[in-house]
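Below is one structure, written out as structure tokens; comments come after it.
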2 protein chains.
Amino acid sequence: MANKNLPRPTEGELEILQVLWALGPASVRQVNDALSANRSVGYTTTLKLMQIMVDKGLLARDTSERTHIYRAVVAERDTRQNLLQNLVDQAFGGSAMDLVIQALGSHRATPEELEEIKALIERLEKDE
Amino acid sequence: MANKNLPRPTEGELEILQVLWALGPASVRQVNDALSANRSVGYTTTLKLMQIMVDKGLLARDTSERTHIYRAVVAERDTRQNLLQNLVDQAFGGSAMDLVIQALGSHRATPEELEEIKALIERLEKDE
DNA sequence: TTTGATTTACGAAGTCCTTCGTATATACTT
DNA sequence: AAGTATATACGAAGGACTTCGTAAATCAAA
């Protein structure tokens with residue numbers, strides 16, 4: 001029975017998760033190549049971080065071949081949810097709606113996005 | 001001209017900022033008492049953290065009396081904005097609207113809040 | 001086969017964050 | 001005045017995070 005009380009990923013770990021969410025299961029080499037497209041990072045740095053993430057339970061790996069294949073254990077949506085909840089609690093006094101209002105007010109949204117949000121609100125109001 | 005490139009506050013620093021935003025300028029004793037209402041924290045721990053925050057430019061202090069009085073240099077709204085932007089960049093691929101949609105969909109909102117958000121959207125649509 | 005490339009494992013350095021003990025100075029109380 | 005309480009300053013320990021060097025094993029190429 002897997003323990004689902006996984007730790008919140010750090011910034012560096014989040015970068016690796018993004019890559020694995022995009023690529024699916026991948027080797028250290030593949031992840032490091034993807035990270036290297038954005039910034040300079042040593043191969044063993046990426047390796048070490050991914051090994052630590054396995055220890056933490058954030059990643060799992062297949063070691064049946066010489067080149068180990070890693071995959072994300074945590075889902076992107078769940079991770080986003082945890083980080084969101086964390087920010088709401090820490091900086092918005094627990095009010096997710098305060099966060100929504102500030103995000104809406106300070107970031108440019110396209111008309112399509114605004115329509116999508118309106119539709120979502122309609123649905124929420126019906127559920128009440 | 002003050003340099004406004006202030007660092008992102010840590011979790012512990014954010015707790016102290018919340019207190020100072022609520023109380024206004026206050027002593028270490030007052031801040032520590034407020035923090036102690038929620039969790040056990042030593043007086044010198046709070047003192048040290050607040051001194052570090054002065055070094056970083058997050059707080060300013062009046063040392064004209066024996067008991068120094070500290071105040072937040074950064075505004076609550078600006079800090080929220082920075083943390084929000086950070087989360088959007090790190091976990092939502094830069095899309096603030098993806099964040100809004102996830103927050104709306106996964107947190108309970110009161111009808112009043114939904115009305116407020118709808119009104120905000122109406123205003124945004126007129127500005128387009 | 002020998003050489004070079006790739007991969008994993010291990011450990012250690014450096015930084016940042018949190019926490020607290022101790023020393024020193026100042027104010028208050030009796 | 002003596003002793004107690006309160007405040008600041010300083011340093012250091014411990015943990016977490018990031019980074020990388022080096023060693024050992026495996027594979028590929030000359």
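Residue numbering restarts at 1 for every chain, and letters A, B, ... go by the order of the sequence lines. What you see is a predicted model, and the numbers here were worked out from it, not measured in a lab.
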For a quick check under 3.5 Å, do A:Asp55 and A:Gln51 share a side-chain donor-acceptor pair by atom type? no
Selection from C:dT19, C:dT8, D:dC20 that lies nearest to any side-chain heavy atom of A:Thr45: D:dC20
Over how many whole Å does the gap from B:Met50 atom CE to C:dT18 atom P extend? 14 Å
So, is A:Arg39 near the phosphate of D:dT18, with a side-chain N or O under 4.0 Å from OP1 or OP2? no
Looking at C:dA9, I'd like to know if its phosphate oxygens (OP1 or OP2) sit under 4.0 Å from a side-chain N or O belonging to A:Gln51. yes
One thing to verify: whether B:Arg8 and B:Glu13 come together as a salt bridge, which I'm taking to mean a side-chain N less than 4.0 angstrom from a carboxylate O. no
Ignoring backbone atoms, establish whether B:Arg66 has a side-chain N or O less than 4.0 Å from OP1 or OP2 of C:dA25. no
Nearest-Å distance for atom pair CG/P, residues B:Asn32 and C:dT18: 15 Å
Closest non-hydrogen atom pair, B:Val73 against B:Gly57: CB-O, 3.5 Å
A:Lys56 side chain N/O closer than 4.0 Å to the phosphate oxygens (OP1, OP2) of D:dC17? yes
May I ask you to verify if any side-chain N or O of A:Thr63 is less than 4.0 angstrom from the OP1 or OP2 atom of C:dT8? no
Check every atom of C:dG11, D:dA7, D:dA9 against the side chain of A:Lys48 and return the nucleotide holding the closest atom. C:dG11
Scanning both residues in full, the closest heavy-atom pair of B:Met97 with A:Arg108 reads CE-O, 4.4 Å
Side-chain atoms of A:Tyr43 come closest, of C:dT8, D:dA9, C:dC20, to C:dT8
Looking for any heavy atom pair under 4.0 Å, which part of the strands does B:Thr67 touch: base, sugar-phosphate only, or nothing? sugar-phosphate
